Amino acid sequence: MQSSKATLVGFTAILMWASLALMSAASGRVPPFQLAAMTFLIGGLMGAVTWPFRGGAASALRQSWQVWLLGVAGLFGYHFVYFSAIRAAPAVEVSLIAYLWPLFLVVFSAFLPGEKLRLHHVAGVLLGLIGAALIITRGKGLLPAGGFSAGHALAFLCALIWAGYSVLSRRFGKVPTDVVAGYCLFTALLSTLCHMVFETTVWPVGPIQWGAVLGLGLLPVGAAFYTWDHGVKHGDIMVLGAASYASPLLSTLVLVTTGYAALTWPVAAACLLITLGAVIAAKDMLFRRVPAPT
């Protein structure tokens, strides 16, 4: 029962991440480092404000430098690249290409000790890449319809960063979830310093843009990290891994229903191909037989 509850908690992260592209697009022209600083500050404070009411929670920050390097590099690196991509290419295209990460996660995992890269892994990757190609070309031949932009390249990098971060995180399964608040606060500080050096401050305009920034900090760049961390450490990681393959569908549906993207045939086909590719690549996990109780 406890595992089922933790799995449900982890699943809420997938639902929250489905709104990442929408809220990022709705946040206006806030520069990437500034947006990361604002949202991660909100996300970090969400966890930090609970420390005084839970004795010893802040002690979770006492971790090795490897834990801190992985956590900050994963969160800071992914979201800076993602926010940059959203500013350089259409949100639905960035979202779908970035959601190659569940597929890459399965492939990277195949290189872990005791695992092998098999034919269905390669088939899944090819389907996902065909889906990404449809997004870039918009179904109009072999060349990018609007040119292969920096936003598309950054979206691919997003997928690689998050898949690598997720695989490497398996080494630190016993690290408590409270450290996530530290990751967020350190990422906010690092983003602020980078913003001061490289960017010009642009504040959100109007309640919609401010609401999007607040929503990012509270949900996909805040609470989602805590619930995902709890879910993968205490719930059924296979169920959560399988559920993550619905992310491209959910994210695209959110963008289409809110008017930030049109449901064209290349978008629909790419969405299905990327999701199908991830499912095929994860065949071993999804259809693994549970041994009979002894």
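As a basis for the values below, the full set of heavy atoms in this structure was taken, side chains included, without hydrogen atoms, waters or symmetry mates. All values derive from a computational prediction rather than experimental measurement.
- Closest approach of L75 to T187, counting heavy atoms only: CB-OG1, 4.1 Å.
- Here the CZ atom belonging to F156 is positioned 8.5 Å from the CG atom belonging to L160, to the nearest 0.5 angstrom.
- Between P31 and V202 the shortest heavy-atom distance is CD-CB, 3.7 Å.
- Considering every non-hydrogen atom in both A89 and V94, the closest pair reads CB-CG2, 3.7 Å.
- Inter-residue side-chain proximity for F104 and W162 is flagged as unmet; no heavy-atom pair is nearer than 4.5 Å.
- Linking ILVMFWY side-chain heavy atoms closer than 4.5 Å, directly or via other members, places L127 and W265 in a single hydrophobic cluster.
- Checking side-chain atoms of Q63 against main-chain N and O of V179 turns up no donor-acceptor pair under 3.5 Å.
- Within the 4.5 Å cutoff, no side-chain heavy atoms of F33 are placed close to those of M196.
- Between Y78 and Y82, the angle of the ring planes stays under 30°, which puts this pair in the parallel group of the 30/60° scheme.
- Closest approach of V81 and C158 over heavy atoms only: CG1-SG, 3.5 Å.
- Between W101 and Y99, the closest side-chain pair of non-hydrogen atoms falls below 4.5 Å.
- Residues S149 and H152 have side chains that bring a donor and an acceptor to within less than 3.5 angstrom of each other.
- In the hydrophobic clustering of ILVMFWY residues, with side-chain heavy atoms under 4.5 Å counting as a link, L250 and L20 come out together.
- Looking at heavy atoms from C-beta onward, L154 lies out of side-chain contact with I97 at the 4.5 angstrom threshold.
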Quiz item: W203 and Q209: side-chain contact (heavy atoms from CB on, under 4.5 Å), yes or no, with the steps?
Solution: CA-CA 9 Å; W203 294 109; Q209 292 186 12; over 6 Å; no
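- Transitive grouping of hydrophobic side chains (ILVMFWY, heavy atoms separated by less than 4.5 Å) keeps W68 and L189 in distinct clusters.
- The number of heavy-atom neighbours closer than 6.0 Å to OH of Y165, taken from other residues, nucleotides and ligands shown, is above 12.
- Under the 4.5 Å side-chain heavy-atom criterion for ILVMFWY residues, no single connected hydrophobic cluster contains both L45 and F186.
- Shown here for R87 and G28, the closest heavy-atom pair between the two residues is CZ-O, 3.2 Å.
- Counting heavy atoms of neighbouring residues, nucleotides and ligands inside a 6.0 Å radius, atom CG of L193 exceeds 12 of them.
- Here CG of L70 is found 6.5 Å from OH of Y183. Values are rounded to the nearest 0.5 Å.
- Between S95 and S251 the shortest heavy-atom distance is OG-OG, 2.6 Å.
- Atom-to-atom distance recorded for L255:CG and S19:OG is 10.0 Å, nearest 0.5 angstrom.
- For the pair L216/S24, a side-chain contact is recorded, criterion being any heavy-atom separation below 4.5 Å from C-beta on.
- Aromatic ring pairs are classed by plane angle as parallel below 30°, tilted from 30° to 60° and perpendicular above 60°; the pair F76 and F80 is parallel.
- Atom CE of M46 and atom CG of L41 lie 12.0 Å apart (nearest 0.5 Å).
- Q34 places no side-chain N or O within donor-acceptor distance of the main-chain N or O of E199, the cut-off being under 3.5 Å.
- Note: F40 and F225 have parallel aromatic rings, judged against thresholds of 30 and 60 degrees for the angle between ring planes.
- Taking 4.5 Å as the limit, some side-chain heavy atom of M16 sits within range of a side-chain heavy atom of T227.
- Atoms OG1 and NE2, from T7 and H230 in turn, are 9.0 Å apart once rounded to the nearest 0.5 Å.
- Put simply, L272 and L253 are part of two different groups of oily side chains (I, L, V, M, F, W, Y) that touch within less than 4.5 Å, one to the next.
- With rounding to the nearest 0.5 angstrom, the CH2 atom of W228 is 13.0 Å from the OG1 atom of T177.
- The side-chain heavy atoms of M23 and L219, taken from C-beta on, include a pair separated by under 4.5 Å.
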